[in-house]
Engineer: 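Dumping the structure here so I can ask a few things about it.
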Amino acid sequence: AEIVSGEVEPSASECVMAGEEQDNEKTDNEKQENDNDTEKGIPGFWLTIFKNTEILAEMTQPHDEPILDALRDINVSFPENSMGFVLEFVFAENEYFEDSVLTKTYHMKSEPDDLDPVAFDGPEIIGSTGVI
């Protein structure tokens with residue numbers, strides 16, 4: 001999240017994929033080119049993810065794009081006392097809503113139906129609460 005938002009810039013060694021050798025000359029040249037960039041982080045990271053992930057792209061409409069461009073992070077947590085999970089969508093200041101964090105809690109069922117236990121395919125979302 002820190003690299004995506006531009007709070008932290010990765011070191012040259014962090015930019016090398018496992019199994020690849022680091023080309024110091026190329027890395028130094030890229031660093032010089034990047035030093036001139038004023039933009040921090042990865043611009044439009046979450047918008048790009050939504051547009052290039054098949055299941056998300058099907059749901060993403062053109063009017064969603066400015067909102068997703070303001071999306072800075074997505075956090076997930078798992079409540080201890082219930083089956084389910086919580087998603088927190090963290091946004092930069094934007095013209096669409098005042099809150100910087102929008103939360104959605106998903107409630108899940110993980111037991112087979114007593115009337116048809118053979119049809120059990122695993123946990124399923126049975127409800128949700130939140131602003132999204």
Side-chain angles (χ1 to χ4, degrees):
E2 292 175 332
I3 292 174
V4 170
S5 68
E7 294 173 34
V8 173
E9 288 295 321
S11 67
S13 63
E14 291 174 312
C15 295
V16 177
M17 290 181 55
E20 288 185 354
E21 291 183 28
Q22 184 173 344
D23 182 349
N24 288 334
E25 184 178 326
K26 183 177 177 185
T27 303
D28 290 342
N29 290 339
E30 286 175 357
K31 184 168 178 56
Q32 288 173 355
E33 290 173 17
N34 290 338
D35 286 345
N36 296 329
D37 294 345
T38 56
E39 186 120 35
K40 295 266 186 205
I42 304 172
F45 177 80
W46 287 107
L47 174 58
T48 303
I49 295 297
F50 272 72
K51 290 174 73 172
N52 290 297
T53 303
E54 186 175 343
I55 193 165
L56 297 173
E58 292 173 4
M59 296 183 283
T60 305
Q61 301 295 314
H63 62 266
D64 297 322
E65 292 184 15
I67 299 166
L68 291 172
D69 200 37
L71 183 59
R72 294 295 171 254
D73 202 6
I74 301 173
N75 301 310
V76 63
S77 61
F78 301 94
E80 289 184 28
N81 299 332
S82 67
M83 180 74 175
F85 58 96
V86 178
L87 294 178
E88 292 180 333
F89 297 85
V90 181
F91 290 88
E93 189 173 317
N94 64 78
E95 62 184 89
Y96 302 99
F97 35 80
E98 294 178 8
D99 295 334
S100 63
V101 178
L102 302 180
T103 303
K104 183 82 169 191
T105 302
Y106 291 90
H107 309 283
M108 300 181 71
K109 174 185 170 191
S110 63
E111 305 88 27
D113 186 341
D114 291 337
L115 299 175
D116 191 9
V118 177
F120 183 67
D121 288 329
E124 66 178 303
I125 296 173
I126 57 170
S128 63
T129 56
V131 296
I132 297 178

Engineer: Donor-acceptor pairs under 3.5 angstrom involving side-chain atoms of residues 52-64: please list them, not counting sequence neighbours.
Structural biologist:
residue : atom : partner : partner atom : Å
Asn52   : ND2  : Thr48   : O            : 2.9
Thr53   : OG1  : Ile49   : O            : 2.8
Thr60   : OG1  : Leu56   : O            : 2.8
Asp64   : OD2  : Gln61   : N            : 2.7

Engineer: Going from CZ on Phe50 to CZ on Phe45, what distance comes out if it is rounded to the nearest 0.5 angstrom?
Structural biologist: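 Phe50 atom CZ to Phe45 atom CZ measures 10.5 Å (nearest 0.5 Å).
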Engineer: Who are the side-chain contact (heavy atoms from CB on, under 4.5 Å) partners of Asp116, not counting sequence neighbours?
Structural biologist: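 With sequence neighbours excluded, Asp116 shows a side-chain contact (heavy atoms from CB on, under 4.5 Å) to Val118, Ala119, given in chain and number order.
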Engineer: Looking only at non-hydrogen atoms, find the nearest pair between Leu68 and Trp46 and report the distance.
Structural biologist: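 What the structure gives for the nearest pair is O-CB, 4.3 Å.
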Engineer: Only pairs under 3.5 Å count here: list side-chain donor-acceptor contacts from residues 79-89, not counting sequence neighbours, and write none if there are none.
Structural biologist:
none

Engineer: Going by the rule side-chain contact (heavy atoms from CB on, under 4.5 Å), which residues pair with Pro112 if we only count those two or more places apart in sequence or in a different chain?
Structural biologist: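 Partners of Pro112 under the side-chain contact (heavy atoms from CB on, under 4.5 Å) test: Pro117, Phe120.
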Engineer: Holding to side-chain contact (heavy atoms from CB on, under 4.5 Å), I want the full list of residues that pass it with Glu93, two or more places apart in sequence or in another chain.
Structural biologist: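 Expected list: none.
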Engineer: Hydrophobic cluster mates of Val90, side-chain heavy atoms under 4.5 angstrom, ILVMFWY only, any path?
Structural biologist: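 The other cluster members (ILVMFWY side chains, heavy atoms under 4.5 Å, direct or chained) are Val101.
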Engineer: Could you list the residues that satisfy side-chain contact (heavy atoms from CB on, under 4.5 Å) with Lys51, not counting sequence neighbours?
Structural biologist: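 If we apply the side-chain contact (heavy atoms from CB on, under 4.5 Å) test to Lys51, skipping adjacent residues, the hits are Leu47, Glu65.
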Engineer: So, does Asn94 use its side chain to make a donor-acceptor pair with the main chain of Ala92 at under 3.5 Å?
Structural biologist: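 Confirmed, Asn94 side chain pairs with Ala92 backbone.
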Engineer: Listed by chain and number, what are the ring-ring contact (aromatic ring centres under 6.0 Å, His included) partners of Phe97, not counting sequence neighbours?
Structural biologist: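 Applying ring-ring contact (aromatic ring centres under 6.0 Å, His included) to Phe97 gives Phe91.
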Engineer: May I ask you to test the Ile67-Asp69 pair for a side-chain heavy-atom distance under 4.5 Å?
Structural biologist: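 Of all side-chain heavy-atom pairs linking Asp69 with Ile67, none is under 4.5 Å.
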